[in-house]
2 protein chains.
Amino acid sequence: MAGSSGTTARPDTPTAAVSPLLGEGGEQVGMVAKFFRALGDPTRLRLLEFLLAGEHTVSECVTHVGLSQGRVSVHLACLADCGYVAARRDGRYTHYRVVDPRVADLVVLARSLAADNCVALAACERITPRT
Amino acid sequence: MAGSSGTTARPDTPTAAVSPLLGEGGEQVGMVAKFFRALGDPTRLRLLEFLLAGEHTVSECVTHVGLSQGRVSVHLACLADCGYVAARRDGRYTHYRVVDPRVADLVVLARSLAADNCVALAACERITPRT
DNA sequence: TAGATGCATCCGCTTTGACGAATGCCGGAC
DNA sequence: GTCCGGCATTCGTCAAAGCGGATGCATCTA
């Protein structure tokens, strides 16, 4: 069933590149899951993409996503804690920006994978169809 | 920190690589968030890493993670729906495996980013410290 | 000084979703 | 044929976490 999207499936790179990294961390799993979960919320993901396009203040982010200021502030702090963005205080304004280029890589890669499985992904009812 | 890639992300490489992808999908955001959320659960992430090391049956996965069979079956189906793994029926056994090498890339990249921010990430109380 | 603005934190409320256990379905063994 | 074993699905329970609104603090302006 899962093989649906014909475009996928490149069984050429086995798992050689990964296994050495995977063997060691039993602890790390929880950490990485926490890291992924930060981007599992549509609001935070939208904020991150907004910040990938350039630095913005909290109020600009509030306008962009259309949620309450308190909520947006929490989401941005969460993204900062997880290392996706960095905060810069300037007087009474706080500017957020993406500092690590790998963040953009991660988003692009995920978008690519999600796009190739968008049909099955959209049909998956085991994860909230939120939005 | 995260010195990783020397050049600081933005000013010169604006968002050229990213923005064309970002501009279009308002719909896509929910999809990609769903995609990320699949890996936001420690159990599913552990299963995915187990499968990155090679093909396994459901019962092998049950033994590996130590949860109820029903739960593991649901998690595996979820990973399949999202395109992380593919299922193969062989008699009364179902084998799961990772078919797309980009999945390994995604996990490695996330591990790298999470490791560089493990201190702040571990301290983040805005996301469940679920083990 | 006082007043206004931007941001962070706290408080109930509500929904999401992970869990074990029970059940159903199918394929192989006898 | 019947029985057994592997997997998928469903149900009830409960913690995680998103939400708006209220509050507190710091900073800029008049």
Side-chain angles (χ1 to χ4, degrees), chain A residues 1-2 29-30 33-48 51 55-82 85-97 123-131, chain B residues 29-30 33-48 51 55-82 85-97 123-131:
Chain A
M1 71 162 10
V29 173
K34 203 170 172 182
F35 185 77
F36 274 121
R37 177 162 291 210
L39 297 191
D41 178 70
T43 299
R44 279 194 296 266
L45 190 57
R46 200 179 324 174
L47 284 170
L48 180 61
L51 294 174
E55 186 177 84
H56 291 286
T57 66
V58 175
S59 54
E60 286 171 342
C61 291
V62 170
T63 301
H64 183 70
V65 300
L67 295 183
S68 70
Q69 180 270 317
R71 265 303 94 196
V72 174
S73 186
V74 168
H75 281 316
L76 289 171
C78 177
L79 287 174
D81 282 348
C82 293
V85 302
R88 176 174 66 86
R89 292 293 303 258
D90 177 31
R92 56 180 168 176
Y93 295 88
T94 303
H95 301 266
Y96 284 91
R97 64 186 286 234
C124 176
E125 295 177 351
R126 289 170 247 265
I127 290 189
T128 319
R130 265 198 179 194
T131 298
Chain B
V29 174
K34 205 171 171 182
F35 185 77
F36 274 120
R37 175 159 293 210
L39 296 192
D41 177 70
T43 299
R44 280 194 295 266
L45 189 56
R46 199 178 326 173
L47 284 171
L48 181 60
L51 295 173
E55 186 177 84
H56 290 287
T57 66
V58 175
S59 53
E60 285 171 344
C61 291
V62 169
T63 301
H64 183 70
V65 300
L67 295 183
S68 69
Q69 180 270 317
R71 263 306 94 195
V72 173
S73 185
V74 168
H75 282 315
L76 288 172
C78 176
L79 287 173
D81 282 347
C82 293
V85 301
R88 176 174 68 84
R89 293 293 303 259
D90 178 31
R92 54 181 169 175
Y93 294 88
T94 303
H95 301 266
Y96 284 90
R97 64 186 286 234
C124 177
E125 297 177 351
R126 288 171 248 268
I127 289 188
T128 317
R130 263 200 185 188
T131 312

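Chain letters run A, B, ... following the sequence lines, proteins first and then strands; every chain starts at 1. Model, not experiment: these values are computed from the prediction. The figures that follow rest on heavy atoms only: side chains count, while hydrogens, waters and symmetry mates do not.
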Exercise for the section: Taking all heavy atoms of A/C82 and all of A/A38, pick out the closest pair and write down the distance. Expected result: SG-CB, 3.8 Å
Handout entry: Nucleotide D/dC7, atom P - distance to CG of B/L79 in whole Å
Key = 16 Å
Handout entry: Short side-chain N/O contact from B/H75 to OP1 or OP2 of C/dC19, under 4.0 Å
Key = yes
Practice task
Select one nucleotide: of D/dT10, D/dA8, C/dC19, the one nearest the side-chain heavy atoms of B/V58.
Solution key: D/dA8
Exercise for the section: Only counting residues at least two apart or in another chain, list the ones meeting salt bridge (charged side-chain N to carboxylate O under 4.0 Å, His left out) with B/E55. Expected result: B/R88
Handout entry: B/Y93 side chain, from C-beta outward: closest of D/dC7, D/dA8, D/dT10
Key = D/dC7
Practice task
Could you tell me the separation between the CG atom of B/D81 and the P atom of D/dT9, rounded to a whole number of Å?
Solution key: 9 Å
Completion exercise
All heavy atoms of A/L76 vs all of A/V85, minimum pair found to be O-CG2, 4.1 Å
Practice task
Scan residues 59-71 of chain B against DNA chain D and write down, sorted by residue number, each residue with any heavy atom closer than 4.0 Å; if none is found, say none.
Solution key: B/S59, B/Q69, B/G70
Fill in the blank from the handout: note: B/E125, atom CD; C/dA8, atom P; distance rounded to Å ~ 17 Å
Practice task
Identify, with sequence neighbours excluded, every residue that meets side-chain contact (heavy atoms from CB on, under 4.5 Å) alongside B/T94.
Solution key: B/V58, B/A87, B/R89, B/Y96
Practice task
Report the distance from atom NE2 of A/H95 to atom C1' of C/dG6, rounded to the nearest whole Å.
Solution key: 11 Å
Problem - For B/T57, side-chain hydrogen bond (donor to acceptor under 3.5 Å, both in side chains) partners two or more places apart - result: B/S59
Practice task
Rounded off to whole Å, could you give me the CG-to-P distance for the B/L76 and D/dC7 pair?
Solution key: 10 Å
Practice task
Look at all strands and tell whether A/T94 reaches a base, only sugar-phosphate, or nothing, counting heavy atoms closer than 4.0 Å.
Solution key: sugar-phosphate
Practice task
List the steps and the verdict of side-chain contact (heavy atoms from CB on, under 4.5 Å) for B/L51 and B/C61.
Solution key: CA-CA 9 Å; B/L51 295 173; B/C61 291; 4.1 Å; yes
Problem - Approximate separation, where rounding is to 0.5 Å, of A/L39 CG and A/L48 CG - result: 6.0 Å
Exercise for the section: For C/dG6, take OP1 and OP2 only and decide whether either is under 4.0 Å from a side-chain N or O of A/S73. Expected result: no
Handout entry: Set of residues satisfying side-chain hydrogen bond (donor to acceptor under 3.5 Å, both in side chains) with respect to B/Q69, sequence neighbours excluded
Key = none
Handout entry: Closest to the B/Y96 side chain, choosing from C/dC19, D/dG18, D/dA8
Key = D/dA8
Practice task
Might you work through the side-chain contact (heavy atoms from CB on, under 4.5 Å) test for A/D41 and A/H75, ending with a clear yes or no?
Solution key: CA-CA 9 Å; A/D41 178 70; A/H75 281 316; 3.5 Å; yes
Look for any protein N or O under 3.5 Å of an N or O in nucleotides 24-30 of chain C and output each such pair with its distance, or none.
| residue | atom | partner | partner atom | Å |
| --- | --- | --- | --- | --- |
| C/dG27 | N2 | B/R92 | NH1 | 3.4 |

